[in-house]
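Inspection log for the structure reproduced underneath, given as structure tokens.
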Amino acid sequence: MPPQDSFAAKERIRQAVDIVELVGRYIPLRREGRMFKGLCPWHDDSRPSLTVNPDRQSYRCWVCNIGGDAFSFLMQIEGIEFPEALTRLAEQTGIALDSRVQVAGPSVATSEKERLLAVMAWAEQQYHNLLLTAPEAEVARRYLDDRGISDESIRRFHLGFAPPRWDWLLGRAQAAGHTPATLEAAGLASPRQNGSGHYDRFRGRVLFSIRNMQKRPVGLGGRVLPGLDDSNPAKYINSPETPLFSKSHLLYGLDIAREAISRSKKAVVVEGYTDCIMAHQCGHENVVAVLGTALGPSHVRLLRGLADQVVLVLDGDEAGRRRANEILELFVAEPIDLRILTLPENADPCEFLLARGSEAFATLLHEAADALEHKLSVAIAGLDARSGLHARHQAAEDVLGTLAKVPVLPAHEASGSRLREDQVLRRLARYSDVAEDRLRGRLAVLRRTVRQPKIDAGLRAAAAVGETGAATSAPLDPWQRELVEILLQRPDWLDEARSTIQPGELSADASGSVYQRMCELADAGITPTFDRLLLAFDQPQWKALIVELDEHSRENSDVDRAGAWRTLLDRYRQRKFAEQHRAETAVLRERKLDEDEEKELLRQIVERERSRRRPSLPTEG
């Protein structure tokens with residue numbers, strides 16, 4: 001058990017989080033009585049099978065049996081571990097965590113990961129100091145000045161400079177006690193091809209620090225400066241994939257923009273580091289950038305957890321228009337409002353902001369087209385009276401294929417999306433010269449054949465539950481299961497249970513472990529209620545088991561619980577008596593006791609039999 005101050009911090013966070021609001025950021029929910037229901041993201045769900053219980057602050061899918069509390073939901077939907085889920089929810093609720101807060105079970109923040117984080121923070125500071133003060137960094141300062149990036153932005157975004165030397169960082173690392181192997185593991189150094197030694201990965205480049213949600217540096221992006229890194233002509237290079245850095249799960253500037261995004265419920269996504277920095281410099285605090293790669297499913301999940309609307313700002317060239325179409329396919333099945341802004345005159349955001357200013361950029365963001373309208377506009381852009389029938393049908397099929405992936409919401413939730421769909425179909429009918437009723441018929445056919453994408457991190461998390469939850473996958477002892485189910489509803493009966501049943505006397509299945517954790521909570525002065533028991537476990541598979549036992553017990557609320565409890569304890573006492581009686585009878589049969597020892601053992605057996613036959617007092621309640 002973690003100490004009480006750690007447990008209290010988790011409990012404050014749990015009480016501050018509204019699980020309906022949290023789950024609703026990812027999955028459309030509808031109220032059914034006191035519960036909320038939605039399509040489960042962890043299996044191919046056609047009927048809403050995920051139930052969210054606002055009274056118990058829990059969730060459960062009745063099909064795949066995944067459930068738990070706010071912590072485990074965030075872990076499974078985002079594919080993250082408990083420490084990160086704890087930190088995120090603490091930030092969202094404004095609850096400060098300190099070093100005394102611990103997690104139950106092995107911590108993911110292992111010494112190896114902490115060692116890599118430490119060396120990344122050290123390297124970032126070395127490169128940043130060099131950029132600020134060194135004469136040889138003048139070329140980098142001049143480049144940033146030409147791009148309009150201020151000294152304040154350089155410091156705020158922790159920009160740096162890697163000199164055009166093969167071992168500048170390696171030399172400093174040796175003096176600081178960091179080994180070449182550690183630098184390699186962090187993505188800061190690479191092994192030489194001949195197998196002899198290492199060299200700095202970043203040389204002759206302006207460096208952009210990439211930080212995680214906890215504002216800790218996990219990687220670097222490097223922009224080449226002309227003539228300084230002739231060995232690698234790539235304009236941009238990023239850190240390689242490491243235990244800290246995965247470009248498909250990170251967004252540049254999110255550590256700075258997160259608060260503004262959460263406040264405004266709107267995120268603006270640009271494509272370049274300098275685009276992001278310039279946007280912030282001009283007052284647009286909710287802007288982030290992709291890390292030299294296309295926006296992917298993990299980015300969509302990340303943004304969807306923070307914002308209701310995403311505006312994707314793309315360069316105004318042909319490549320930008322193609323990327324808009326690709327990204328639309330990612331967002332279209334998600335419950336989020338995607339807008340697409342293609343900048344005029346082939347400009348990128350940094351150039352546009354410098355030339356036209358912040359207000360002009362804000363106006364374009366406000367006027368950004370709905371993603372489906374953008375898709376329609378691109379599809380029909382080349383259609384006119386001279387376009388052939390094949391071209392018109394091709395454009396219609398392209399738009400309908402995308403529209404088919406939009407989730408079909410219940411009637412009471414669908415007014416906005418239905419209106420948008422009607423507008424798109426009317427415009428498409430007009431430009432494609434295909435009757436609107438035929439378009440609707442074709443859309444219905446496509447919807448039956450299109451399989452809407454599922455959330456891959458959630459699927460990975462569900463698989464992880466199966467792999468790591470071996471203790472919970474084995475059948476539970478029925479008697480022990482009933483014991484825990486009753487105590488979940490009546491934790492005040494635990495003292496009576498402990499006077500009869502010691503945790504070590506139970507079989508080693510998952511229900512026995514839950515009973516043991518109940519006893520540990522009681523020993524720490526914490527009443528083992530359902531919600532507190534959930535907090536006593538960090539792993540999702542244990543939380544799911546507790547929710548399952550709780551819901552099964554509450555389904556049988558009409559059962560005489562006091563009578564079932566008395567029967568349960570009596571059965572246990574009878575079983576223990578029978579086991580002891582067999583053991584003592586075996587001792588007597590061995591005839592290894594002297595006469596006095598035999599008489600004493602027989603007296604104890606008879607007295608125990610008399611006590612067992614005496615009627616017991618009923619339990620109150």
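One finds the NZ atom of Lys266 at 5.0 Å from the CD atom of Gln309 (value rounded to the nearest 0.5 Å). Atom CG in Leu131 sits 13.5 Å away from atom CD in Gln126 (nearest 0.5 Å). A distance of 9.5 Å separates CE of Met120 from CZ of Arg211, quoted to the nearest 0.5 Å. Of the inter-residue distances, the one linking Arg223 atom CZ with Leu144 atom CG reads 10.0 Å to the nearest 0.5 angstrom. If you take CZ on Arg216 and CG on Leu117, they are separated by 4.5 Å, rounding to the nearest 0.5 Å. The line from CG of Leu89 to CZ of Arg14 is 12.0 Å long, rounded to the nearest 0.5 Å.
Using cut-offs of 30° and 60° on the angle between ring planes, the pair Phe157 and His280 is perpendicular. Classification of the Phe352-Phe361 ring pair by plane angle, with boundaries at 30° and 60°, yields tilted.
A cation-pi arrangement is not found for Arg203 relative to Trp168, the charged atom failing to lie both closer than 6.0 Å to the ring centre and inside a 45° cone about the ring normal.
Side-chain atoms of Asn238 come within 3.5 Å of backbone atoms of Leu291 as a donor-acceptor pair (strictly under, hydrogens ignored). In terms of modelled atom types and a separation under 3.5 Å, the side chain of Glu351 and the main chain of Asp348 share a donor-acceptor contact. Of the possible polar contacts, one joining the Asp200 side chain to the Leu170 backbone as a donor-acceptor pair under 3.5 Å is found. With hydrogens and angles ignored, the 3.5 Å screen pairs a side-chain donor or acceptor of Gln281 with a backbone N or O of Ser150. Side-chain atoms of Asp255 do not come within 3.5 Å of backbone N or O of Asn212 as any donor-acceptor pair. A donor-acceptor pair under 3.5 Å is formed between the side chain of His128 and the backbone N or O of Leu159. Looking at Ser358, its side chain does come within 3.5 Å of a backbone N or O of Cys282 through a donor-acceptor pair.
Trp122 has its side chain within reach of Arg172: a pair of non-hydrogen atoms, C-beta onward, lies under 4.5 Å apart. In this structure, the side chains of Leu354 and Met278 come closer than 4.5 Å at one or more pairs of heavy atoms. Annotation: side chain of His198 is not in contact with side chain of Leu183 (no heavy-atom distance under 4.5 Å). Contact check for Ile149 versus Tyr143: no side-chain heavy atoms found under the 4.5 Å cut-off. Between Leu188 and Leu220, some side-chain heavy-atom pair lies under the 4.5 Å cut-off. Using a 4.5 Å heavy-atom threshold, the side chains of Arg201 and Pro240 count as touching. Looking at Leu116 and Thr182, their side chains come closer than 4.5 Å, going by heavy atoms from C-beta outward. Here the side chains of Glu136 and Leu130 are in contact, with some heavy-atom distance below 4.5 Å.
Here Glu285 does not pair with Arg263 in a salt bridge; the nearest charged N to carboxylate O distance is not below 4.0 Å. Note on Asp337 versus Arg339: salt bridge recorded, some NZ/NE/NH1/NH2 to OD/OE distance being below 4.0 Å. Remark: Glu259 does not engage Lys215 in a salt bridge, criterion side-chain N to carboxylate O under 4.0 Å.
The only member of Asp145, Leu132, Val206 that meets side chain to side chain contact (heavy atoms under 4.5 Å, CB included) when paired with Ile154 is Leu132. Checking Phe82, Phe537, Trp542 one by one against Phe71, the ring pair (Phe, Tyr, Trp, His ring centres under 6.0 Å) holds for a single residue, Phe82. Between Phe208 and the options Tyr127, Phe202, Tyr273, a ring pair (Phe, Tyr, Trp, His ring centres under 6.0 Å) holds for only Tyr273.
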**Message:** Set out, in order, the CA-CA distance, both residues' side-chain angles and the distance that settles side-chain contact (heavy atoms from CB on, under 4.5 Å) for Leu251 and Val290, then state yes or no.
**Reply:** CA-CA 5 Å; Leu251 289 166; Val290 290; 4.0 Å; yes
**Request:** Go through the steps to decide whether Ile210 and Leu250 satisfy the test side-chain contact (heavy atoms from CB on, under 4.5 Å), and finish with yes or no.
**Result:** CA-CA 8 Å; Ile210 301 164; Leu250 293 163; 4.3 Å; yes
**Request:** Step by step, work out the side-chain hydrogen bond (donor to acceptor under 3.5 Å, both in side chains) result for Asp398 and Gln394.
**Result:** CA-CA 6 Å; Asp398 186 24; Gln394 192 91 7; over 6 Å; no
**Request:** Give the intermediate values and the outcome of side-chain contact (heavy atoms from CB on, under 4.5 Å) for residues Leu50 and Val23.
**Result:** CA-CA 10 Å; Leu50 185 84; Val23 176; 4.1 Å; yes
**Steps toward side-chain contact (heavy atoms from CB on, under 4.5 Å) verdict (His284, Leu365)** = CA-CA 10 Å; His284 299 278; Leu365 290 175; 4.1 Å; yes
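Across Lys235 and Arg205, no two heavy atoms sit closer than the pair O-NH1, 3.2 Å. Considering all non-hydrogen atoms of both residues, Ser209 and Pro217 come closest at OG-CB, 3.9 Å. Taking both residues in full, the closest heavy atoms of Pro349 and Leu343 are given as N-CD1, 3.4 Å, listed atom of the first, atom of the second, then distance. Residues Gly187 and Ser239 approach most closely at O-OG, 4.4 Å, considering heavy atoms. Considering every non-hydrogen atom in both Pro191 and Tyr199, the closest pair reads O-CE2, 3.6 Å. Residues Ile19 and Ala70 approach most closely at CD1-N, 3.7 Å, considering heavy atoms.
Glu241 CD: more than 12 foreign heavy atoms inside a 6.0 Å radius. The environment of Glu138 atom CD is dense: over 12 non-hydrogen atoms of other residues, nucleotides or ligands sit within 6.0 angstrom.
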